[in-house]
Amino acid sequence: MTVITGPLPEKDREVAGSALQATLVDLLDLSLVAKQAHWNLYGPRFRSVHLQLDEVVTAARTFADTVAERAAALGVSPDGRAATIADTSNVPAFPPGWTKDADVVDALVHTFSAVIERVRGRVDELGPVDAVTQDLLIGLTAELEKQSWMFQAENRA
């Protein structure tokens, strides 16, 4: 049952809704990966990486909320339940236990790369369907790429 109706034709709503749902899952899982890394980080760059991970968590959660609200505005019920994230996420798994700062940075670089590639693909899919949702994902991509750059710069000698 659709309680909220949005401005898009059904076919376009399905495409946009699918892109938004997949992005929501990516963002929520990214926030969980970053928080796991944040709690288990050790090494000489502990403080700077620890604080940088907090920035990732805040950005991912903020964008997740915006993405979910865009889905709702289109008449698509967003699903951010833990089981949905576990069942549908393609975000690379973060290892359990204590993790050295350089390994955390490497893991986040890999994670950002995977998420950015998928979101960029969704941007392309949305072009002919919904410019507003496409614009939202373009802005999100810019933030993800900024965070990726900052983590890449952490491990370059």
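Worth knowing before you read on, the calculation uses all heavy atoms, side chains too, and leaves out hydrogens, waters and symmetry mates.
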From the list L74, D130, L126, V76, side chain to side chain contact (heavy atoms under 4.5 Å, CB included) partner of L20 resolves to L74
Would you say E117 has more than 12 foreign heavy atoms packed within less than 6.0 Å of its CD? no
Donor-acceptor pair, side chain of T58 and main chain of E55, under 3.5 angstrom: no
Can a donor-acceptor pair be found between the side chains of S148 and Q152 at a distance below 3.5 Å? yes
For the CG atom of L140 and the CG atom of D135, what is their distance to the nearest 0.5 Å? 11.0 Å
With a cutoff of under 4.5 Å between side-chain heavy atoms, which Ile, Leu, Val, Met, Phe, Trp and Tyr residues group with W149? M150
Any donor-acceptor pair under 3.5 Å from T23 side chain to A19 backbone: yes
Has the side chain of T111 got a donor or acceptor atom that lies under 3.5 Å from a matching backbone atom of A107? yes
Kindly assign one of parallel, tilted or perpendicular to the pair H38 and H50, based on the angle between their ring planes and the thresholds 30° and 60°. parallel
Looking at every heavy atom in both A60 and L27, which two are closest together, and how far apart are they? CB-O, 3.6 Å
Are R70 and D65 within salt-bridge range, i.e. N to O under 4.0 Å? no
Can L136 be reached from L8 by stepping across I, L, V, M, F, W or Y side chains whose heavy atoms are under 4.5 Å apart? yes
Contact check, side chains of K100 and P44, non-hydrogen atoms, under 4.5 Å: yes
Side-chain heavy-atom pair N90, V115 within 4.5 angstrom cut-off: no
Nearest 0.5 Å please: distance from the CG atom of D79 over to the CG atom of D87. 9.5 Å
I4 atom CD1, over 12 foreign heavy atoms within 6.0 Å: no
Would you check, one step at a time, whether the test side chain to side chain contact (heavy atoms under 4.5 Å, CB included) holds for L144 with F112? CA-CA 7 Å; L144 291 171; F112 276 116; 3.9 Å; yes
Side-chain (T88) to main-chain (T84) donor-acceptor, under 3.5 angstrom: yes
Joint cluster assignment, F63 & I138, ILVMFWY side-chain distance < 4.5 Å: yes
Check A37 against V104 and note the closest heavy-atom contact, atom names and distance. CB-CG1, 3.8 Å
Please assess L24 against I85 for the test side chain to side chain contact (heavy atoms under 4.5 Å, CB included), listing each intermediate value before the final yes or no. CA-CA 9 Å; L24 176 62; I85 296 166; over 6 Å; no
Salt-bridge test for D26 and R122: reply yes if a basic N is under 4.0 Å from a carboxylate O, no otherwise. yes
Say whether I116 and L28 are linked into one hydrophobic cluster, either directly or through other cluster members, by side-chain heavy-atom distances under 4.5 angstrom. yes
With side chain to side chain contact (heavy atoms under 4.5 Å, CB included) as the test, would you mind laying out the steps for D106 and F151 before giving the verdict? CA-CA 8 Å; D106 284 343; F151 275 95; over 6 Å; no
Locate the shortest heavy-atom distance separating S31 from V57; write the atom from each residue and the value. O-CG2, 3.6 Å
Under a 3.5 Å threshold, yes or no: a donor from one side chain and an acceptor from the other, between T99 and N40? no
Could you state the interatomic distance from CD (E154) to CG (D101), rounded to the nearest 0.5 Å? 8.5 Å
Would you name the heavy atoms of S77 and Q21 that are closest together and state the gap between them? O-OE1, 4.3 Å
Taking K35 first and then D54, would you say they form a salt bridge - that is, a charged N and a carboxylate O separated by under 4.0 Å? yes
Could you check W98 against L41 for side chain to side chain contact (heavy atoms under 4.5 Å, CB included), going step by step and ending with a plain yes or no? CA-CA 6 Å; W98 301 110; L41 173 70; over 6 Å; no
For residues L53 and L32: do they belong to one hydrophobic cluster (side chain heavy atoms under 4.5 Å, members Ile, Leu, Val, Met, Phe, Trp, Tyr)? no
Between R13 and E10, does a salt bridge (Lys or Arg N to Asp or Glu O under 4.0 Å) hold up when you go through it step by step? CA-CA 5 Å; R13 186 176 68 83; E10 180 66 24; 2.9 Å; yes
I'd like to know if V33 and F46 are part of one continuous hydrophobic network [Ile/Leu/Val/Met/Phe/Trp/Tyr, side-chain heavy atoms within less than 4.5 Å]. yes
Considering only NZ, NE, NH1 and NH2 on the basic side and carboxylate oxygens on the acidic side, decide whether R120 and E125 come within less than 4.0 Å. no
What's the shortest heavy-atom distance between A59 and E143, and which atoms? CB-OE2, 3.9 Å
